[in-house]
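First up is the structure itself, then whatever we jot down about it.
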Amino acid sequence: MTEFSFNQTGKSNAEVKIILASGSNFRSGKFISEDEVAALKNAAKKQNFEGKNGTFAEINNGKKQIILAGIGNKSTSLSQQILGGKIYKKICNSTNAAIYIPTDKKNQLSLTETACNIALGIELGGYRFDKYFTKKSADSYPKLEKIDFYGEEKIDESKYPAYQALASSVRYARDLCNEPANNLTPEIYADDIERLDYLNIDITVLEEDKIHDLGMDMLLSVAQGSVNAPRVAVLQWKGNKDSKEFDIGLVGKGVTFDSGGISLKPSANMGDMKGDMTGSAVVVASIKAAALQKLPLNIVGVVGLVENMPSGSATRPGDVVKSMSGQTVEVVNTDAEGRLVLGDCLWYIQEKFGVKRIIDIATLTGSTMMTFGFEYAGLFSNDDKLSADLLKAGEQTGEKLWRLPINADYDKMIDSDIADIKNCGPRLAGGITAACFLQRFIQDGTKWAHLDIAGVDRDEKGHPLTPKGATAFGVRVLNQFLRHMK
Ligand code: BES
Ligand code: MG
Ligand code: ZN
């Protein structure tokens with residue numbers, strides 16, 4: 001991660017100097033010399049710089065690089081973070097940079113918030129997963145090490161650790177999601193999660209025998225075709241000392257690889273299914289962020305970690321299994337495995353911890369991906385307030401959600417002829433019937449929301465805050481939601 005300092009003053013000697021501006025008439029104090037100001041004004045004019053968010057004007061003569069970065073009018077936390085991501089691209093080949101933030105009436109956010117947002121954007125946009133390259137030359141790696149912020153007024157640097165907590169948690173989740181499935185089996189993954197106990201997160205890992213004793217046969221039916229045994233990891237963050245109850249439960253799908261099982265997927269892009277554990281990584285990382293930020297909440301997370309493989313011991317289409325809830329399920333398609341894992345985890349979290357408010361998150365259906373492309377995650381819920389709060393957090397963070405309906409008519413589509421439920425309906429409304437399946441494991445009086453992040457879990461092209469590869473979509477929206485939860 002990048003090293004930041006927040007209260008530099010006077011003239012900067014950094015390799016690259018950046019000045020935030022909402023118009024061509026910028027202020028820069030003593031940050032650069034008068035000659036440089038004149039040259040930069042000239043450049044701004046020639047390059048038609050008007051200060052719009054995310055636009056740049058610059059002087060770059062090989063030796064000296066001075067950049068005007070447009071922050072625009074009425075910037076938001078999100079637009080400032082995106083600007084940070086864009087700034088990262090401009091400066092990543094220098095080892096150090098300095099950023100000047102003027103006092104500006106057009107900026108509704110404080111200097112402190114602005115600096116923190118830009119820094120967060122740099123940390124999110126500057127993420128890379130390069131551990132498996134052995135032959136790349138040193139030149140092809142980004143060089144950026146340190147950034148100094150210069151504020152026209154004092155920046156309160158004590159605010160930054162909360163942003164840094166979010167950045168490091170998102171990056172942690174992306175690392176987990178990008179990791180190939182041969183190096184992230186359920187067992188390895190659970191061991192990794194256990195290392196978070198240094199943050200005073202209470203972690204329990206349930207192994208196969210225990211999962212069996214609990215009656216989570218629906219989850220086990222997914223794992224039984226793989227040589228890699230399943231795990232269920234339970235994470236508790238108790239930041240609300242006034243209460244013994246849990247304020248919220250988080251449940252995540254952790255299918256470390258989804259081949260489809262006997263209902264085998266086509267081979268094209270099957271490798272992307274190493275990311276079918278994104279929901280679980282988002283849950284784990286959200287609890288990591290909450291612990292780093294010391295949020296005054298009691299949060300319990302349950303993640304079901306399994307590998308879905310075809311083999312002689314795999315579940316067959318047509319098999320009937322019993323869930324922990326006692327309901328029987330006909331597995332008509334072994335590729336609809338995520339809901340089998342989640343159903344037992346949802347039941348377990350309610351039974352064991354008595355949580356009355358739950359959010360689950362999962363790369364659950366190709367159907368939701370077809371609906372929204374890479375723009376929105378699907379939101380399904382039995383509670384309007386919970387939905388509204390999540391939708392708002394989505395808008396604020398840019399991890400956008402869109403609510404879809406669930407009702408009795410859709411629910412009927414997963415009635416089975418030979419058991420209580422079947423694990424998928426007809427081809428129609430696949431994201432919705434998947435949500436209906438999950439709802440059959442929600443007890444009366446539990447407020448519940450389900451986020452289907454299939455599609456948005458990866459970025460194919462790369463954006464300012466999400467370089468190509470795993471996005472860890474969900475960590476930012478859940479952190480925003482948890483920090484403002486009432
Ligand atoms: N993991 C997939 C869903 C998925 C698809 C995630 C694309 C990310 C990108 C899930 O387990 C699955 O296979 N769902 C099936 C369900 C169907 C068989 C009812 C699907 O959506 O095709
Ligand atoms: Mg599947
Ligand atoms: Zn899956």
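For ligands, and for the atoms within them, numbers begin at 1 and follow the listed sequence. Counting from 1, the numbers follow the sequence of the chain as shown.
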field: NZ/NE/NH1/NH2 to OD/OE distance under 4.0 Å, Asp384 and Arg403
entry: yes
task: Determine, for Arg195 against Asp191, whether the closest basic-nitrogen to carboxylate-oxygen distance falls under 4.0 angstrom.
output: no
Can you list the ligand 1 atoms lying under 4.0 Å from a non-hydrogen atom of [X]?
X      : answer
Lys253 : 1 (N), 10 (C), 11 (O)
Lys265 : 2 (C), 12 (C), 13 (O)
Asn333 : 18 (C)
Met273 : 1 (N), 4 (C), 5 (C), 6 (C), 7 (C), 8 (C), 9 (C)
Glu337 : 11 (O)
Thr363 : 1 (N), 2 (C), 3 (C), 6 (C)
Cys424 : 19 (C)

field: Whether Gly338 has an N, O or S atom under 2.8 Å from the Zn ion (ligand 3)
entry: no
message: Regarding Glu337, does it place an N, O or S atom less than 2.8 Å from the Zn ion (ligand 3)?
response: yes
[X] side chain vs [Y] backbone, donor-acceptor pair below 3.5 Å:
X      : Y      : result
Asp360 : Gly252 : no
Ser79  : Thr76  : yes
Asp452 : Thr365 : yes
Glu337 : Gly261 : no

statement: Residue, atom and distance of the protein heavy atom nearest atom 6 (C) of ligand 1 read Ala454 CB, 3.6 Å
task: For atom 17 (C) of ligand 1, grab the closest protein heavy atom and report residue, atom and distance to one decimal in Å.
output: Ala336 CB, 4.3 Å
- line: Of all the N, O or S atoms in Asp258, the one nearest to the Zn ion (ligand 3) is OD2
- line: Looking at Asp276, the N, O or S atom sitting nearest the Zn ion (ligand 3) is OD2
So, regarding [X] and ligand 1 (criterion: nitrogen or oxygen to nitrogen or oxygen, under 3.5 Å), is there a contact or not?
X      : value
Arg339 : no
Gly366 : yes
Asp335 : yes
Asp258 : yes

Residue Asp258 atom name (nearest to the Mg ion (ligand 2); N/O/S): OD2
query: Nearest to the Mg ion (ligand 2), which N, O or S atom of Glu337 do we find?
result: OE1
message: What I'd like to find out is whether the side chain of Asp175 reaches to under 4.5 Å of the side chain of Glu179, using heavy atoms alone.
response: no
field: Six-ring centre of Phe56, Lys86 cation under 6.0 angstrom, axis tolerance 45°
entry: no
query: How far does CG of Leu438 sit from OG1 of Thr433, to the nearest 0.5 angstrom?
result: 10.0 Å
query: In Å, rounded to the nearest 0.5 Å, how long is the span from CD of Gln80 to CG of Asn53?
result: 8.0 Å
- prompt: Heavy-atom contacts under 4.0 Å between Leu364 and ligand 1: side chain, backbone, both, or neither?
  reply: backbone
task: Applying side chain to side chain contact (heavy atoms under 4.5 Å, CB included) between Leu235 and each of Val300, Val205, Leu199, Val284, report the one that passes.
output: Val284
- prompt: Where does the angle between the aromatic ring planes of Tyr376 and Trp402 fall among parallel (under 30°), tilted (30 to 60°) and perpendicular (over 60°)?
  reply: perpendicular
